Amino acid sequence: MREPPHVVTCGLPYANGPAHIGHLRTYVPADLYVRVLRKLGENPVFVCGSDTHGTPIVVNAESLKITPKELVERYHKYFDETFRKLGVIFDNYGSTDSDFNHRRTQAITEALIDRGYVYPKLIELAYCPACKIFLPDRYVDGTCPYCGAPARGDECDQGCGRHLEPGEIRDPLCNVCGSKAEFRVQEHYFFKLSAFKDFLLEFLEGLKGTSNARNYALGWVKGELKDWCITRNLDWGVKFPGRDDLVVYVWVDAPIGYIASTEEWAAREGRDWEEYWKGENARITHFIGSDIVYHHCIFWPAMLKGAGYALPSTIIASGMVKIDEKTFSKSRGHVVWVDEYLDNGFHPDLLRYYLASYTSHTKELNFSWKVFQEKCNNELLAILGNFAYRTLLFAFKNFGKIPDGKIEEEVISKIKETIGLVKASIDEYEPKRLVDSVMALANFGNSYFQSRKPWELVKEDKEACGEVIKNAIQIVKALAILLEPVMPSKMETLWEQLGMKGDIHEIPITEALKVIESGSELSKPMILFDRVEDETIERMQDILQQRIEGCEESVEKSDLITYDQFEKLDIRAGRVVEAEAVKGSKKLIRIMVDLGEDKPRQILAGIAGLYTPDELLEKEIIVLANLEPAKIFGIESKGMLLAAGDGVLLVPDREVKIGDKIR
RNA sequence: AGCGGGGUAGGGUAGUCAGGAGAUCCCGUCGGGCUCAUAACCCGAAGAUCGAUGGUUCGAAUCCAUCCCCCGCUACCA
């Protein structure tokens, strides 16, 4: 029986900036998934490519004084190389600016027009009379029609966060020259998304993959589906058929890039791409980040359905990445760049391991250098690396080759069990479960080694010792095969150390059970995982910290403070337990305030004009508790009373607990 | 508000869809052992009223109901 054609894709990286570990949260598990499938005898086509269109790229290119094409070619090359460095190997890494994609996008758009799913409509759009251009998306600033906050053309980024359709924004200003834009009527094209509601409900019910993708999309489809404006006034992009002045919206041609990338691969390999995208039994698996569920579970299947293509069978959405428990943020510096990781000498497989083993694929993944170090040293080095090294070194020193002996039933069944768990983890799209299962086998290996005491046996009964070592080597072999999808390069090294023939990347999973041949020569093993030292981690933490501080400085220039900054203020309720005028001063009163701490605090307040010390006694007041201590009139003050106007004290409106934090 | 996702030992994290003995694994703590191995390894112990309350059940972390808290959707995004 022939295996059904299966294409696996990854969300396309936007060719407008460098790769960060957030990207990898999707790409590494996808690569791992494909590698395991291949070990199980399947042969999916794995494609991806650069997303190259849209206004942010045009805007960015202008600010860099280069053409959009130059910009995207630069990043396209960069992403292609970066993925290879990380062992994420696509069968084809295309570009949405390729001829393949221009052609395919136009063909699909034409198909949608022919089938009556696209209609023209006159809408009022911002037009800059000075620049003489219509202003799409981020070319225009203005006011949100829903909440009144400042907004960009395509979304209310500072207010309610709504997506804005072209023409919705009020008081538009041209982003290029800053002059006031006017509204002009123009014809644009809309995709009848509303016509696909019933189809989408049924489609989503049958969609495989992670529940976060399906549930989230179902929520949207059950609500109101609006028709979707699919054209923009730009030069850069895929021309809308029959209109030289319009390009299709970037979210039209981006997913079509999956098809185009498959076509590019098929053309090179002499294969038929239509089997993969139009065939009746075609299987399509998308790996995406949970931020683009809407596009992949709603727009995309509707487009495919409308144009007569095969539909996605599986959509796997990964959770987001946090850095040190903080929401991932480039502008706040909460980001770790892939180049920074690699340039500091870390092996890519360590990061692959971290991403695969941290948590369930759909949950938020926290990255911290500290945890990175722990995982490397305690799991990779101490458990896996140590087991492989002690086994191979012992074998090399005492036998020089793989010794004779029978593989114990317990060892075979443990490996068998692990293979079963690996298969199950792939069926559930849970790389962590895969790693946990295989690491349990490594643990078993250490335990086995320890309990059989080969270092004693070697003196008494060399033959029995050889058998133990052979069993241990069999476990190492299984580990190498089973972990290749997670750490392809490190496991290749281990494979070589075992003296195994053949390419580990092509060795099927069943080979893990095949008894290793006795007698083949062993060379001196090398250490597989080096210790990650404290200084190294401190250095990386410093890099991160400095970036965050640099970003905070630029934020401080604005009058607004962030919530994080506000949170730093320790404002608490307290009670005055002592109060007396400060001798020699007109306005100062020295008070002792109970803030629910061990002892009351001394605070100086300049309120003698409005209050007498007696009035203050026993009063409940509000205090900024973590103000830097200062000497006033020679007396230390550790905090500040909150008062308004000339010094009218703020007091709690109702009874509060002393020491309660103000929020 | 709505929708989506969470709340499990000191920290992190599995198990929840398909309900069953002592609730997983990693770090940390404590005690022992080993010495082949990168101060690595092994064995054991302490530590969790599984967010709260109520219900279903012989049996609930798991199913049902209600409630509380955190996060995302909602800058830059995979």
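Residue numbers start from 1 in every chain, and the chains themselves are labelled A, B, ... in the order their sequence lines are given, proteins ahead of strands. Owing to the predicted nature of the structure, the values given are computational and were not obtained by experimental measurement.
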Tell me whether the side-chain N/O atoms of [X] come closer than 4.0 Å to OP1 or OP2 in [N].
X	N	result
A:Lys397	B:A37	yes
A:Asn215	B:G5	yes
A:Lys370	B:G12	no
A:Arg531	B:A40	yes
A:Asn443	B:C26	yes
A:Tyr389	B:A37	no
A:Arg452	B:C36	no
A:Asn16	B:C77	no
A:Lys330	B:C77	yes
A:Ser290	B:G4	no
A:Thr359	B:G12	no

Should [N] form a Watson-Crick or G-U wobble pair with both distances under 3.5 Å, which nucleotide is its partner?
N	result
B:G72	B:C3
B:A40	none
B:A65	B:U53
B:G20	B:C58

Between [M] and [N], how far apart are the [atom1] atoms? Round to whole Å, please.
N	M	atom1	result
B:A46	B:C3	P	45 Å
B:U62	B:A14	C1'	14 Å
B:A52	B:A60	C1'	16 Å
B:C17	B:G22	C1'	25 Å
B:G6	B:U13	C1'	13 Å
B:A78	B:G7	C1'	25 Å
B:U56	B:A48	P	29 Å
B:C50	B:G20	P	16 Å

Candidates [options] - which lies nearest the side chain of [X]:
X	options	value
A:Asn386	B:A40, B:C77, B:A78	B:A40
A:Arg433	B:G15, B:U13, B:A78	B:G15
A:Ser329	B:C73, B:C76, B:A78	B:C76
A:Gln450	B:C27, B:A37, B:A78	B:A37
A:Arg390	B:U38, B:A37, B:C27	B:A37
A:Ser360	B:C26, B:A37, B:A14	B:A14

Rounded to the nearest Å, what distance is computed from the [atom1] atom of residue [X] to the [atom2] atom of nucleotide [N]?
X	N	atom1	atom2	answer
A:Asn446	B:U38	CG	C1'	13 Å
A:Phe394	B:C36	CZ	P	8 Å
A:Glu374	B:G12	CD	C1'	8 Å
A:Leu204	B:G4	CG	P	13 Å
A:Lys322	B:C73	NZ	C1'	15 Å
A:Lys363	B:G15	NZ	C1'	10 Å

Take the angle between the ring planes of [X] and [Y] and call it parallel below 30°, perpendicular above 60°, tilted in between.
X	Y	result
A:His76	A:Tyr93	parallel
A:His23	A:Tyr27	parallel
A:Phe90	A:Phe46	tilted

Which part of the nucleic acid, if any, lies within reach of [X] when heavy atoms closer than 4.0 Å are counted: base, sugar-phosphate only, or nothing?
X	result
A:Gly289	sugar-phosphate
A:Met320	base
A:Tyr358	sugar-phosphate
A:Val458	nothing
A:Ile292	sugar-phosphate
A:Thr327	sugar-phosphate
A:Phe529	base
A:Lys432	sugar-phosphate
A:Leu381	base

(request) Would you please determine if the base of B:C36 is stacked by A:Trp455, with stacking meaning a centroid separation under 5.5 angstrom and planes under 30 degrees? (result) yes
(request) Answer yes when A:Arg35 and A:Asp31 have at least one side-chain N-carboxylate O distance shorter than 4.0 Å, and no when they do not. (result)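 Answer for the salt bridge query: yes.
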(message) Can you tell whether the side chains of A:Lys370 and A:Glu374 come within less than 4.0 Å, N to carboxylate O?
(response)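 Looking at A:Lys370 and A:Glu374, the cut-off is not met.
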(request) State whether the number of non-hydrogen atoms from other residues, nucleotides or ligands found under 6.0 Å of A:Trp455 atom CH2 is greater than 12. (result) yes
(message) Are A:Tyr358 and A:Lys375 packed together at the side-chain level, in the sense that at least one heavy-atom pair is separated by less than 4.5 angstrom?
(response)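 A:Tyr358 vs A:Lys375: side chains touch.
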What side-chain donor-acceptor pairs closer than 3.5 Å can you find for residues 462-473 of chain A, not counting sequence neighbours?
unit_1   : atom_1 : unit_2   : atom_2 : d
A:Lys462 : NZ     : A:Asn398 : O      : 2.9
A:Glu467 : OE1    : A:Lys406 : N      : 3.1
A:Lys470 : NZ     : A:Ile516 : O      : 2.9
A:Lys470 : NZ     : A:Ser518 : OG     : 2.5
A:Asn471 : OD1    : A:Glu408 : N      : 2.8
A:Asn471 : ND2    : A:Lys406 : O      : 3.0
A:Asn471 : ND2    : A:Glu467 : O      : 2.8

